[in-house]
*Asks:* 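One structure coming up, written as structure tokens, with questions to follow.
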Amino acid sequence: MTSTPATSTAMTAAAETASAAPAAEAADGTALHGPVTDWFDEHARDLPWRRPEAGAWGVMVSEFMLQQTPVSRVLPVYEQWLTRWPRPANLAAEAPGEAVRAWGRLGYPRRALRLHAAASAIQERHGGDVPREHGQLLALPGVGEYTAAAVASFAYGQRHAVLDTNVRRVFARAVTGRQYPPNATTAAERKLARALLPQDEQLAARWAAATMELGALVCTARGPECHRCPIAAQCAWQLAGAPAHEGPPRRTQTYAGTDRQVRGKLLAVLREAVAPVPQQVLDAVWDEPVQRARALDGLVSDGLVEPLGGGRYRLPHA
DNA sequence: CAGACGTGGCA
DNA sequence: TTGCCAAGTCT
């Protein structure tokens with residue numbers, strides 16, 4: 001490659017690599033690769049989906065579960081799922097309601113439905129094996145840009161920019177010098193992520209996992225532990241004096257009293273029930289009838305609840 | 001593109 | 001106690 005440039009120069013060049021294409025060596029962020037991947041080698045958590053026996057299916061299941069849900073809550077459910085459904089075919093053979101039930105309280109249960117649908121699609125379109133191509137992954141239900149890149153990178157060792165909330169925050173600080181990334185992912189962020197991606201395929205995959213882990217363990221949203229950060233000395237945000245976030249406030253979501261809370265209560269009853277649930281039992285979870293009906297209708301139209309007629313409901317059987 | 005979509009832990 | 005935050009996707 002090249003000699004290691006002065007750190008701050010390297011950072012600035014990487015940040016500006018978007019527009020021009022100057023000395024490619026100084027602009028490629030090479031100075032960060034070693035420190036971050038070395039740190040990862042020493043500090044990476046031993047998570048089950050990172051073990052070789054997890055396979056691509058284990059990686060995919062974990063990625064679905066980790067969408068907006070912390071690792072600590074995913075761990076036990078992940079183990080149950082992989083034990084019960086070690087292959088996509090096993091899940092595809094179940095009623096979708098069983099996936100919703102086994103999802104437990106992870107939240108956003110539509111993910112369970114989509115994972116079940118993804119397993120079916122894998123069975124039908126790919127012979128039961130999680131596809132390797134980014135485009136084929138992206139075509140699966142519940143798989144967006146992030147998850148497609150993550151599976152391709154973590155499960156198959158391919159070179160993809162994996163841009164999740166952790167990586168976005170690390171880049172925002174280390175390279176762009178801001179405390180937080182923009183609310184929505186921008187083209188500039190994608191461009192930067194591609195520019196920083198190591199050329200070597202295996203190193204790129206390791207870099208993706210390492211930057212994510214750094215954001216999860218050290219460069220956290222609230223209390224970043226910069227004294228433990230392998231690139232603190234090169235961090236643009238630190239070098240700028242750790243300025244506070246400017247711009248529009250990060251959007252915050254309310255929950256109490258919303259349809260989402262009602263949906264959650266309704267679905268909790270149905271998950272626990274073995275037999276179809278009478279309307280009157282569901283009515284007991286929320287006293288406001290209009291909102292309650294709207295929430296139930298929403299669950300039905302989402303395919304999370306199956307109406308049986310006669311005022312009885314259950315998790316979907318097909 | 002802003003908003004919908006669950007749940008629980010922690011400061 | 002309230003508010004923030006957690007490996008996003010879909011419409």
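Chain letters run A, B, ... following the sequence lines, proteins first, then strands; residues in each count from 1.
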*Asks:* Nearest whole Å is fine: how far is B/dA4 P from A/Asp297 CG?
*Replies:*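 Answer to the nearest Å: 18 Å.
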*Asks:* Can you tell me if A/Thr147 and A/Gln67 form a side-chain donor-acceptor pair at under 3.5 Å?
*Replies:*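 Looking only at side-chain atoms, A/Gln67 and A/Thr147 do form a donor-acceptor pair, the distance falling under 3.5 Å.
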*Asks:* Could you tell me the separation between the CG atom of A/Asn183 and the P atom of B/dA4, rounded to a whole number of Å?
*Replies:*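 Those two atoms, CG and P, are 15 Å apart.
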*Asks:* Can you see if the side chain of A/Arg222 gets near the phosphate of B/dA11 - specifically, an N or O under 4.0 Å from OP1 or OP2?
*Replies:*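 Result: no.
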*Asks:* I'd like a list of close polar pairs between nucleotides 1-3 of chain B and the protein, N/O only, cut-off under 3.5 Å.
*Replies:*
unit_1: B/dG3; atom_1: N7; unit_2: A/Arg251; atom_2: NH1; d: 3.4

*Asks:* Determine whether the aromatic ring centres of residues A/Trp81 and A/Trp103 are separated by less than 6.0 angstrom.
*Replies:*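 That pair passes the under 6.0 Å test.
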*Asks:* Verify the neighbour count for atom CD of A/Glu53: are there more than 12 heavy atoms of other residues, nucleotides or ligands below 6.0 Å?
*Replies:*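 Counting neighbours around CD of A/Glu53, more than 12 heavy atoms of other residues, nucleotides or ligands fall under 6.0 Å, so yes.
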*Asks:* Closer than 4.0 angstrom, basic N to acidic O: yes or no for A/Arg263 and A/Asp302?
*Replies:*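 A/Asp302 and A/Arg263: salt-bridged.
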*Asks:* In plain terms, say whether A/Arg101 and A/Glu272 are close enough for a salt bridge, that is, a side-chain N and a carboxylate O under 4.0 Å apart.
*Replies:*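 No, A/Arg101 and A/Glu272 are not salt-bridged.
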*Asks:* Quick one: does A/Thr37's side chain have a donor or acceptor within less than 3.5 Å of a partner on A/Gly34's backbone?
*Replies:*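 Looks like yes, one N/O pair under 3.5 Å.
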*Asks:* Using heavy atoms and a sub-4.0 Å distance, could you list which residues of residues 146-173 of chain A are near DNA chain C? By number, please.
*Replies:*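 When residues 146-173 of chain A is checked for heavy atoms under 4.0 Å from DNA chain C, the hits, listed by number, are A/Tyr146, A/Thr147, A/Asp164, A/Thr165, A/Asn166, A/Arg169.
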*Asks:* Between A/Arg50 and A/Ser62, does any side-chain donor sit less than 3.5 Å from a side-chain acceptor?
*Replies:*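 No donor-acceptor contact under 3.5 Å links the two side chains.
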*Asks:* Please work out if A/Leu138 contacts a base, only the sugar-phosphate, or nothing of the nucleic acid, heavy-atom cut-off 4.0 Å.
*Replies:*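 No contact.
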*Asks:* Using the side-chain hydrogen bond (donor to acceptor under 3.5 Å, both in side chains) rule, take A/Glu63 and A/Tyr146 through it: C-alpha gap first, then chi angles, then the decisive distance, then the call.
*Replies:* CA-CA 9 Å; A/Glu63 291 303 337; A/Tyr146 162 76; 2.7 Å; yes
*Asks:* Check every nucleotide of DNA chain C for an atom under 4.0 Å from a heavy-atom of chain A, then give the first and the last such nucleotide from 5' to 3'.
*Replies:*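 Both ends considered, the range comes out as C/dG3 to C/dC10.
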*Asks:* Report yes if the side chains of A/Arg169 and A/Asn166 come closer than 4.5 Å at any heavy-atom pair, otherwise no.
*Replies:*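 Yes, close enough: below the 4.5 Å cut-off.
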*Asks:* Write down the distance separating the C1' atoms in B/dG6 and C/dA6, rounded off to the nearest Å.
*Replies:*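 Here B/dG6 and C/dA6 have their C1' atoms 12 Å from each other.
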*Asks:* Decide side-chain hydrogen bond (donor to acceptor under 3.5 Å, both in side chains) for A/Gln279 and A/Asp283; before the verdict, give the C-alpha distance in whole Å, the side-chain angles of both, and the deciding distance to 0.1 Å.
*Replies:* CA-CA 6 Å; A/Gln279 177 83 57; A/Asp283 287 350; 3.1 Å; yes
*Asks:* What contact category does A/Gln253 fall into here, base, sugar-phosphate, or nothing, at under 4.0 angstrom with non-hydrogen atoms?
*Replies:*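 Base: the residue A/Gln253, judged by heavy atoms under 4.0 Å, touches a nucleobase.
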*Asks:* A/Leu140 pairs by side chain to side chain contact (heavy atoms under 4.5 Å, CB included) with which of A/Ile122, A/Val151, A/Leu115?
*Replies:*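 That would be A/Ile122; it is the only one of A/Ile122, A/Val151, A/Leu115 passing the side chain to side chain contact (heavy atoms under 4.5 Å, CB included) with A/Leu140.
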*Asks:* Would a 4.5 Å heavy-atom cut-off, applied to side chains only, mark A/Phe154 and A/Met212 as touching?
*Replies:*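 The answer is yes; the side chains approach within 4.5 Å.
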*Asks:* Specify the residue among A/Arg45 and A/Gly142 whose closest nucleotide of DNA chain C lies further upstream toward the 5′ end.
*Replies:*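 The answer here is A/Arg45.
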*Asks:* Rounding to the closest angstrom, what is the interatomic distance between B/dA11 and C/dA7 at atom P?
*Replies:*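 Between the two P atoms, the distance is 16 Å.
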*Asks:* What do you reckon, is CZ of A/Arg178 surrounded by more than 12 foreign heavy atoms closer than 6.0 Å?
*Replies:*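 Not more than 12 within 6.0 Å, no.
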*Asks:* Give one of base, sugar-phosphate or nothing for A/Trp103, where a contact means two heavy atoms less than 4.0 Å apart.
*Replies:*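 Answer is nothing: A/Trp103 stays at 4.0 Å or more from every strand.
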*Asks:* Between the side chains of A/Tyr108 and A/Arg260, is a donor N or O closer than 3.5 angstrom to an acceptor N or O?
*Replies:*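 A/Arg260 and A/Tyr108 do have a side-chain donor-acceptor pair below 3.5 Å.
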*Asks:* Answer with base, sugar-phosphate or nothing: what part of the nucleic acid does A/Arg294 contact at a heavy-atom distance below 4.0 Å?
*Replies:*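 Here A/Arg294 touches no strand at all.
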*Asks:* Output the residues of residues 52-84 of chain A in contact with DNA chain C, where contact means a heavy atom of the residue under 4.0 Å from an atom of the strand; sort by number or write none.
*Replies:*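 A/Glu63, A/Leu66, A/Gln67, A/Gln68, A/Pro70, A/Val71, in order of number.
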*Asks:* Using a strict heavy-atom distance below 4.0 Å, which residues from residues 105-114 of chain A are in contact with DNA chain C?
*Replies:*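 A/Arg114, in order of number.
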*Asks:* Is the shortest distance from a Lys or Arg side-chain nitrogen in A/Arg312 or A/Glu306 to a carboxylate oxygen in the other one below 4.0 Å?
*Replies:*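 Here A/Arg312 does not pair with A/Glu306 in a salt bridge, since their nearest N and O are not under 4.0 Å apart.
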*Asks:* Could you state the atom-to-atom distance from CG of A/Asp259 to C1' of B/dG6 in whole Å?
*Replies:*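 Rounding to the nearest Å, CG of A/Asp259 and C1' of B/dG6 are 13 Å apart.
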*Asks:* What side-chain donor-acceptor pairs closer than 3.5 Å can you find for residues 124-135 of chain A, not counting sequence neighbours?
*Replies:*
unit_1: A/Arg125; atom_1: NH2; unit_2: A/Ala139; atom_2: O; d: 3.4
unit_1: A/Asp129; atom_1: OD1; unit_2: A/Arg87; atom_2: NH2; d: 2.8
unit_1: A/His134; atom_1: NE2; unit_2: A/Glu145; atom_2: OE2; d: 3.2

